[in-house]
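One structure below.
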Amino acid sequence: MSSMRFLCQRCCQPLKLSQPTEVQDSAQRGPADALEEGGPSRGMTDGGEPQARASSRLLSDSGRKFKKSVDHFTLLGHAVSIRTLSSVQKTTADLFDILSGQKDVDHPLCEECTDNLLKQLDTELTFVELDSQNYRRCLETDLLMGEAEKKALQMELQTELQGLELEEARLAQELEAVEESRVQTEADLRAAQAETKELRQQERQHHKDYSALKWQQLELTDQLSSLENQLRHAQHHLHRLRQTDIFNATFEIWEEGPLGIINNFRLGCLPGVPVGWKEINAAWGQVALLLLALSNTVGLKFQRYQLVACGNHSYLKSLTGDCARLPLFSDGSQNVFLNNKFDRAMMAFLDCMQQFKEEAEKGKEGLCLPYTIHVKGGLMEDALGSGECCSIRTHLNTEEQWTRALKFMLINLKWSLSWASIRYRHD
């Protein structure tokens, strides 16, 4: 079998060529049988018909029609047909090469591609025939027309040509204008693209600025919320402080039987209720601090004495005479038969209380105390009840009377404290 194969030059499909019967038989029987049957083969070859038929069949498979050519030759001696399949294929290939070189169409072609090619050639042939008929008709018309008709036709054609030239000139101007417009449009487009690029850069920058401002806004919003929370907290505390009575919260005065108590310190002593002098001195320190705070509330500056609150060692300083210090504390060793400094300090304290009372009575809401103060005698008088008087001195006095006078004094301070709290709240 030969290895040569043919492919269609258009669809690239393999082709199966039909071979002559005598070649196939010769290939099957072999050389010995071919020699024995040399007579018939020679007779067929002499006539030229098998070779002509094979050539015609090969050309019909390629889709082209060729003229049949028959070679006449004379055999000398015993002629033996030596045509094989490979020689036939080689001949066919050479024939295809010759056809491809002479025409625009490459060979070989399959049957379907050949049919399509023939249809295309028929269509082209139809168009060519139509053109030929039109040319022939125009030639016949030109021969039949007279001179006048030819001149009229020439004038008409010339007029039409001039109109076409004018139209061409107008279209050329329009084309030039369109070209100028195109150039201007391209320039405008480049400018618009540059502006677009600039605007995009500005947009990106604006987005960055917006993000920064948004972040700053969020931070400021957080700070504002924090400040608002702090303000509400401060207002709440302010409201509580306004509702709080600073004097009542600082100084608590109440009674426990015959004893008066200030901030858990008992002021005075009884035979059945012994109280140490340290506690009494601390109570006097709280009393001095309270009177000093009340005087500051009404803007009072004491005359004759200066009150100094120093806890359990508080004292009064005389502003006249020898400027002696009068202690509001004692250790219980004073001589009851002498006019000691502790008694003088307590009487000076009553003097300061009387000054506060006189100053507090001047306003619209004047202070009214339940116990009257007698500064010279050092006495506390019950003005609302029995009119009983008690001495605040320890000299020639009993513990019960002294403690009772101190209790009256604390009650006056408690009334003063309530009055000052109301006034402070109003202010």
Side-chain angles (χ1 to χ4, degrees), residues 209-257 259-268 278-302 306-316 328 349 352-371 384 406-427:
D209 297 341
Y210 173 77
S211 299
L213 291 175
K214 190 67 176 178
W215 181 261
Q216 186 177 3
Q217 180 188 5
L218 293 176
E219 290 182 346
L220 293 176
T221 303
D222 292 340
Q223 294 179 5
L224 179 61
S225 300
S226 177
L227 291 176
E228 288 177 350
N229 292 332
Q230 294 178 10
L231 179 60
R232 284 194 295 269
H233 183 69
Q235 288 176 348
H236 176 67
H237 278 282
L238 178 60
H239 180 71
R240 289 184 60 186
L241 290 175
R242 285 178 176 176
Q243 297 298 324
T244 302
D245 190 347
I246 187 65
F247 289 105
N248 290 330
T250 307
F251 301 98
E252 295 183 2
I253 299 174
W254 70 92
E255 302 176 24
E256 188 176 302
L259 288 174
I261 301 174
I262 178 171
N263 291 343
N264 295 324
F265 295 112
R266 292 172 292 181
L267 187 59
K278 290 184 179 181
E279 184 177 354
I280 295 173
N281 295 336
W284 270 114
Q286 295 295 318
V287 169
L289 181 60
L290 173 57
L291 182 58
L292 188 61
L294 291 173
S295 64
N296 291 332
T297 302
V298 297
L300 173 64
K301 284 188 81 173
F302 295 117
Q306 179 184 358
L307 181 60
V308 180
C310 294
N312 57 357
H313 285 77
S314 300
Y315 61 92
L316 288 93
L328 279 174
F349 185 82
C352 293
M353 277 192 65
Q354 183 64 25
Q355 294 180 42
F356 170 74
K357 175 180 176 296
E358 293 174 356
E359 183 67 25
E361 289 176 347
K362 294 179 181 180
K364 294 181 181 180
E365 299 178 357
L367 175 61
C368 182
L369 298 179
Y371 299 100
L384 301 179
L406 294 177
K407 178 182 176 181
F408 291 164
M409 182 189 67
L410 284 178
I411 292 174
N412 279 351
L413 288 174
K414 186 174 183 180
W415 281 50
S416 301
L417 187 64
S418 300
W419 174 85
S421 298
I422 295 173
R423 180 176 178 180
Y424 177 78
R425 189 177 301 170
H426 289 172
D427 293 340

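Since this is a predicted model, take the numbers as computed values, not measurements. Index from 1, following the sequence.
The number of heavy atoms from other shown groups lying within 6.0 Å of CZ (Arg240) does not exceed 12. The environment of Glu256 atom CD is sparse: at most 12 non-hydrogen atoms of other residues, nucleotides or ligands sit within 6.0 angstrom.
To the nearest 0.5 Å, the span separating CD on Gln286 from CG on Leu267 amounts to 11.0 Å. Note that CG of Leu294 is 14.5 Å distant from NZ of Lys357, once rounded to the nearest 0.5 Å. A distance of 9.5 Å separates CD in Gln306 from CG in Leu292, rounded to the nearest 0.5 Å. Summarising the geometry, atom CD belonging to Gln217 is positioned 11.0 Å from atom CD belonging to Glu219; distances are rounded to the nearest 0.5 Å. The line from CH2 of Trp415 to SG of Cys368 is 6.5 Å long, rounded to the nearest 0.5 Å. Residue Gln223 holds its CD atom at 12.0 Å from CD of Glu228, rounded to the nearest 0.5 Å.
The closest side-chain heavy-atom distance from Phe302 to Leu300 is below 4.5 Å. Side-chain atoms of Leu218 and Leu220, non-hydrogen and from C-beta on, never get closer than 4.5 Å to each other. The closest side-chain heavy-atom distance from Leu413 to Phe251 is not below 4.5 Å. For the pair Leu328/Tyr315, no side-chain contact is recorded, criterion being any heavy-atom separation below 4.5 Å from C-beta on. Trp254 places a side-chain heavy atom less than 4.5 Å from the side chain of Asn264. Counting heavy atoms from C-beta on, the side chains of Leu307 and Leu291 come closer than 4.5 Å. In this structure, the side chains of Asn412 and Phe356 stay at 4.5 Å or more apart for every pair of heavy atoms. Within the 4.5 Å cutoff, the side chain of Val308 has no heavy atoms near those of the Leu316 side chain.
When all heavy atoms of Gln355 and Lys301 are compared, the pair lying nearest together is OE1-O, 4.4 Å. Between Ser416 and Leu367, the shortest heavy-atom contact is OG-CD2, 3.5 Å. Looking at every heavy atom in both residues, Ser314 comes nearest to Gly285 through OG-CA, 3.4 Å.
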**Request:** Would you check, one step at a time, whether the test side chain to side chain contact (heavy atoms under 4.5 Å, CB included) holds for Val298 with Trp419?
**Result:** CA-CA 11 Å; Val298 297; Trp419 174 85; 3.6 Å; yes
**Message:** Working note: Glu252 + Asn263, criterion side chain to side chain donor-acceptor pair (under 3.5 Å); need CA distance, chi angles, decisive distance, verdict.
**Reply:** CA-CA 5 Å; Glu252 295 183 2; Asn263 291 343; over 6 Å; no
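Using modelled atom types, one side-chain atom of Glu279 and one backbone atom of Arg266 make a donor-acceptor pair closer than 3.5 Å. Judged purely by atom type and a 3.5 angstrom limit, Lys414 uses its side chain to pair as donor or acceptor with the backbone of Ile253.
The residues Glu255 and Lys407 are annotated as salt-bridged, a charged nitrogen and a carboxylate oxygen being separated by less than 4.0 angstrom.
The aromatic rings of Phe349 and Trp284 stand perpendicular to each other, their planes meeting at an angle above 60°, with 30° marking the opposite boundary.
For His233, the ring pair (Phe, Tyr, Trp, His ring centres under 6.0 Å) partners are His237, not counting sequence neighbours.
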